[in-house]
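Written out below as structure tokens is the structure these notes cover.
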Amino acid sequence: MGIAGPGLGGLDASIGFESDRPENIGVFVNVTIGQVKFDQFNTVFLSISDLIGVGLADSLATCANDHRRLPLRVGRVDATGPGPAGVPGPADTFAFALAAFNRAGFSQSEMIQAM
Ligand SMILES: *[C@@H]1O[C@H](CO)[C@@H](O)[C@H](O)[C@H]1NC(C)=O
């Protein structure tokens, strides 16, 4: 899982600034991540990015047949603005999706497992 800092890709909570993008349709960003729900747990020791990481590791663990756990680390620094655009959608090609997942540090197998 990508753990790069703000502006470098990976898990940095930049989605909190991307609520109006087509891939984030609906109110979940503002309601869940947009400093409303997660913010009550946010401390100097645990960022919004770390909280998203906990949720991601948990959801991936329930996808795998062997319930393999991703190593969970904290200490991410939250982004202060939106990240780069280009999240793959259902109408995009496999190659486009794979390139996007590779940029985020996922292999082809990990992409398929997560999808
Ligand atoms: C989320 O909140 C921001 C800031 O108030 C706003 O600009 C944006 O339009 C909202 N997004 C949605 C999908 O409601």
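Quick caveat: nothing in here was measured; it's all calculated off a predicted structure. Each ligand, and each atom within it, is numbered from 1 in the order the structure gives. Numbering starts at 1 and runs along the sequence shown.
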**Asked** Are any non-hydrogen protein atoms located under 4.0 Å from atom 14 (O) of ligand 1?
**Response** yes
**Asked** Is there a protein heavy atom at a distance of less than 4.0 Å from atom 10 (C) of ligand 1?
**Response** yes
**Side chain, backbone, both or neither: the part of Asn24 lying under 4.0 Å from ligand 1 by heavy atom** = neither
**Prompt:** In terms of hydrophobic clustering (I, L, V, M, F, W, Y; side-chain heavy atoms under 4.5 Å; direct or indirect links), are Val87 and Ile15 co-clustered?
**Reply:** no
**Message:** Is there a path of hydrophobic side-chain contacts, each under 4.5 Å between heavy atoms, that joins Phe94 and Phe101?
**Reply:**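 They do share one cluster, since a chain of ILVMFWY contacts under 4.5 Å joins Phe94 to Phe101.
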**Message:** Could you tell me, atom by atom, which parts of ligand 1 come under 4.0 Å of a heavy atom of Gly26?
**Reply:** 13 (C)
**Request:** Please could you name the atoms of ligand 1 that Ser19 approaches to less than 4.0 Å, counting only its heavy atoms?
**Result:** 1 (C), 8 (C), 10 (C), 11 (N), 12 (C), 13 (C)
**Request:** Return yes if a side-chain donor-acceptor contact under 3.5 Å exists between Asn24 and Ser19, otherwise no.
**Result:**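 No - no donor-acceptor pair under 3.5 Å links their side chains.
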**Request:** State whether the side chain of Asp78 and the backbone N or O of Ser47 hold a donor-acceptor pair below 3.5 Å, judged by distance alone.
**Result:** no
**Item:** Check: Asn102 side chain, Phe106 main-chain N or O, donor-acceptor pair, under 3.5 Å
**Value:**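 Yes, because the side chain of Asn102 sits within donor-acceptor range (under 3.5 Å) of the backbone of Phe106.
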**Prompt:** Among protein heavy atoms, which sits nearest to atom 7 (O) of ligand 1, and what does the distance come to when rounded to 0.1 Å?
**Reply:**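 Residue, atom and distance for the closest contact: Asp20 OD2, 4.1 Å.
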**Request:** Would you tell me which option among Ile25, Asn30, Val31 has the nearest heavy-atom contact to atom 3 (C) of ligand 1?
**Result:** Asn30
